Number of protein chains: 2
Amino acid sequence: MKRATLRDIAQVLGVTVATVSRALKNYPDISSATKQTVLATAERLHYAPHPMAVKLRQQAYKVVGVVVPDIVHPFFSDVISGIVDVMEALGYHIILSQSNESYEKEIRVTQMLQATGVDGLLVCLSNETVSIDHLRALQEYDLPVVLFDKISPLLDASSVVTNDFQGAYDAVAHLLDQGYTRIAHIKGPPHPENTRQRFLGYQAALAAYGLPFRPEYVAECHTVTHEEGATFALRFMALPEPPQALFAVSDSVAIGAITALKEAGWRVPQDMAVIGFSDWSVCRMLEPSVSSVSQPGYDIGRRASELLLREIRQLREELPPEHSRVVLDATVQVRQSSLRPTAG
Amino acid sequence: MKRATLRDIAQVLGVTVATVSRALKNYPDISSATKQTVLATAERLHYAPHPMAVKLRQQAYKVVGVVVPDIVHPFFSDVISGIVDVMEALGYHIILSQSNESYEKEIRVTQMLQATGVDGLLVCLSNETVSIDHLRALQEYDLPVVLFDKISPLLDASSVVTNDFQGAYDAVAHLLDQGYTRIAHIKGPPHPENTRQRFLGYQAALAAYGLPFRPEYVAECHTVTHEEGATFALRFMALPEPPQALFAVSDSVAIGAITALKEAGWRVPQDMAVIGFSDWSVCRMLEPSVSSVSQPGYDIGRRASELLLREIRQLREELPPEHSRVVLDATVQVRQSSLRPTAG
DNA sequence: CTGAAAGCGCTAACAA
DNA sequence: TTGTTAGCGCTTTCAG
């Protein structure tokens, strides 16, 4: 079936397209008689406005682009879900792209998104991204960009991130508060700022509690896998004075460590307490259940969307777009793996 | 900065927009002299075609809509990833929506997608979906629809699904091949066809190996959570003649069961072998590592995309769209939890 | 080889 | 209250 146009309706009724257009969007000055007939025949012909014609006229697409490094990742699923919920409620749609952690691909997809027509962009930078000129180029064409999770201070744009420092600090403080004094950390690779902040939070918590930083209690991942978690757990166990507790940069590492500990006959948390980061849904399912720092992925998506929509609105009203930098707290989820058995 | 139009270029060079348009898409009849100057000034003015103007002319959007029940789900992440990879390679973009397993929302988002302008739709039906009239309506307007994962025989459309029956059959056969004869199943709720097929595969495997179907070895989930896995595992353990192996409808259920077994002092797989379904990434990280049936999510996304693109092409060429029904095999991933210790 | 002109479907200022 | 007209930016005949 061919879709009906304004002209089809106009011809049927012997009026002009302008009248039909006005009737359909109930303008003030329109006789209710013609309004009725127009609405009726529009209904009868299954009229629906041609999306592109409307968008061409209004110079607005009601679509925003979203770029994440990797769609297959629980954290980004949460973020995307938050974005979709906010956007859909306001009649916006999202176009999803992934950069596969490649700088070149990120440039390509952002340009493709601009070319396909979006009102704004929500971007999580890839780990490989070295320059943000491609995003600046978008801004030059009045395309607002909001960064989330992996951001760059070089770009003058709104951003929404997790407070990794605070999350890590709180996780370690939770261990310290229970009286642990020898706390190890398996840190991430040096590059992404996020995991570096977790390391800094770890150090800050130790310092705040007056404990020394012991380099032998720190290991650095390359792959951030459960295998590395296991390897480093074994290394810590072999120390002359092994740590009593472990803060891992991710849940995969924490789970790998717990597995290795148990296989070696150590009990968790009795012989070593463990806490991870990200709060994967399996943390709740394991035995012992795994403590973790929960990142507010859904809220990051919501907040970033709200900021972007605000900038889109401001731009349309020819106002100078305001930029905000939002930092959302992470929450420690205490479960069995980090709970010190009460003495006696 | 205001974006340049064809007219801007034309004015600068004192030619008409038609010439500029032709030069930019290097038409045969165009002097290489003007082509050069046009390309040069286009470059200089940072010309980029206005997306909506192009789409209005060509009556093609290069965008497809994707509807899933729930974005935050590892399986759908895989599917979406496959879709994005195929679509992006051909210059298509995807607009993502979720139905939240609500029939009403599914109707709403499919209509919104049509209204916003897409060339086709990839849809996984929600569990609540009772009628497919909303999809038939799309087809009436020459909007091709391809279903995946949760499909309906009522809609005359291409579809791509996992072979749940075969996956379940193979999982149970894997247990039977090792000599287990008492095999339990924790099945899903009756409604989604997918989990029902797993139950049928379980029964078929038992029958094929000449074993009786024992109702006391089957439990039915409502929530399909690890708690239910634990509950039913305990029930099975309490039987006068407990099963030796367990096939669970999902990994969450399998993990819950394993946890309960271990807490009760049963060893996995020595005292009860366990295999799940979906092959979550954590299966590999646990101790024992969890066997599972892996669903080809990424390939489902790829194949569905290819079918949809074919139908879009056929429709543009005024050919009758062909429909295909693709069923992709699931693969048993054997790990520790289901490996029978070799006697002796 | 290039220009003129029509038109994709819709909106909106201006007239009547 | 409705019609006329112009135009969003681009493509594509048809002339020249």
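These numbers were taken from a predicted model, which means no experiment stands behind them. Protein chains get the first letters and strands the later ones, always in sequence-line order, with residue 1 at the start of each.
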*Asks:* Is A:K105 salt-bridged to B:E88, going by a charged N under 4.0 Å from an acidic O?
*Replies:*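 A salt bridge links A:K105 with B:E88.
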*Asks:* Could you tell me whether the side chains of A:D85 and B:Q98 share a donor-acceptor contact shorter than 3.5 Å?
*Replies:*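 Judged by distance alone, the side chains do pair up.
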*Asks:* Have B:S99 and B:R108 got a donor and an acceptor in their side chains that come within less than 3.5 Å?
*Replies:*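 No, because no side-chain N or O of B:S99 sits under 3.5 Å from a partner of the opposite role on B:R108.
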*Asks:* Just jot down the side chain to side chain donor-acceptor pair (under 3.5 Å) partners of A:N194, sequence neighbours excluded, or say none.
*Replies:*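 If we apply the side chain to side chain donor-acceptor pair (under 3.5 Å) test to A:N194, skipping adjacent residues, the hits are A:D149.
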*Asks:* First locate atom CD1 of A:I300, then atom CG of A:L122, and finally report the distance between them rounded to the nearest 0.5 Å.
*Replies:*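 Between A:I300 CD1 and A:L122 CG, I get 12.0 Å after rounding to 0.5 Å.
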*Asks:* Just how far, in rounded Å, is P of C:dT11 from CZ of A:R7?
*Replies:*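 Spelled out: CZ on A:R7 to P on C:dT11 is 14 Å.
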*Asks:* Please list, by residue number, the residues of residues 38-65 of chain B whose heavy atoms come closer than 4.0 Å to an atom of DNA chain C; answer none if no residue qualifies.
*Replies:*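 Here the set is B:L56, B:R57, B:Q59.
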*Asks:* For a 4.5 angstrom cut-off between non-hydrogen side-chain atoms, does B:F148 reach B:R303?
*Replies:*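 No, too far: nothing below the 4.5 Å cut-off.
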*Asks:* Determine whether B:V67 and B:C124 make a side-chain contact, defined as any pair of heavy atoms from C-beta on separated by less than 4.5 Å.
*Replies:*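 Side-chain contact under 4.5 Å: no.
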*Asks:* For a quick test of reading the model: is some side-chain N or O of B:T34 closer than 4.0 Å to OP1 or OP2 of C:dC1?
*Replies:*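 Negative; the distance criterion is not met.
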*Asks:* Earliest and latest nucleotide of DNA chain D, 5' to 3', sitting under 4.0 Å from a non-hydrogen atom of chain A?
*Replies:*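 With heavy atoms of chain A under 4.0 Å away, the range is D:dT1 to D:dG9.
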*Asks:* Identify, residue by residue, the members of residues 13-25 of chain A with a heavy atom below 4.0 Å from DNA chain D, and return them in order of residue number, or none.
*Replies:*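 Of all residues in residues 13-25 of chain A, the ones placing a heavy atom under 4.0 Å from DNA chain D are A:V15, A:T16, A:A18, A:T19, A:R22.
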*Asks:* Can you run down the salt bridge (Lys or Arg N to Asp or Glu O under 4.0 Å) pairs that involve residues 54-64 of chain B, sequence neighbours left out, and say none if there aren't any?
*Replies:*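 For residues 54-64 of chain B: none.
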*Asks:* Once you round it to whole Å, what is the distance between C1' of C:dG7 and CG of A:L6?
*Replies:*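 Between C1' of C:dG7 and CG of A:L6: 15 Å.
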*Asks:* Kindly state each residue pair satisfying ring-ring contact (aromatic ring centres under 6.0 Å, His included) with at least one member in residues 100-128 of chain B, sequence neighbours excluded.
*Replies:*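 Of all non-adjacent pairs touching residues 100-128 of chain B, those that pass ring-ring contact (aromatic ring centres under 6.0 Å, His included) are B:Y103-B:H134.
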*Asks:* Nearest 0.5 angstrom please: B:L319 CG to B:L315 CG, how far?
*Replies:*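 Interatomic distance, B:L319 CG to B:L315 CG, rounded to 0.5 Å: 9.0 Å.
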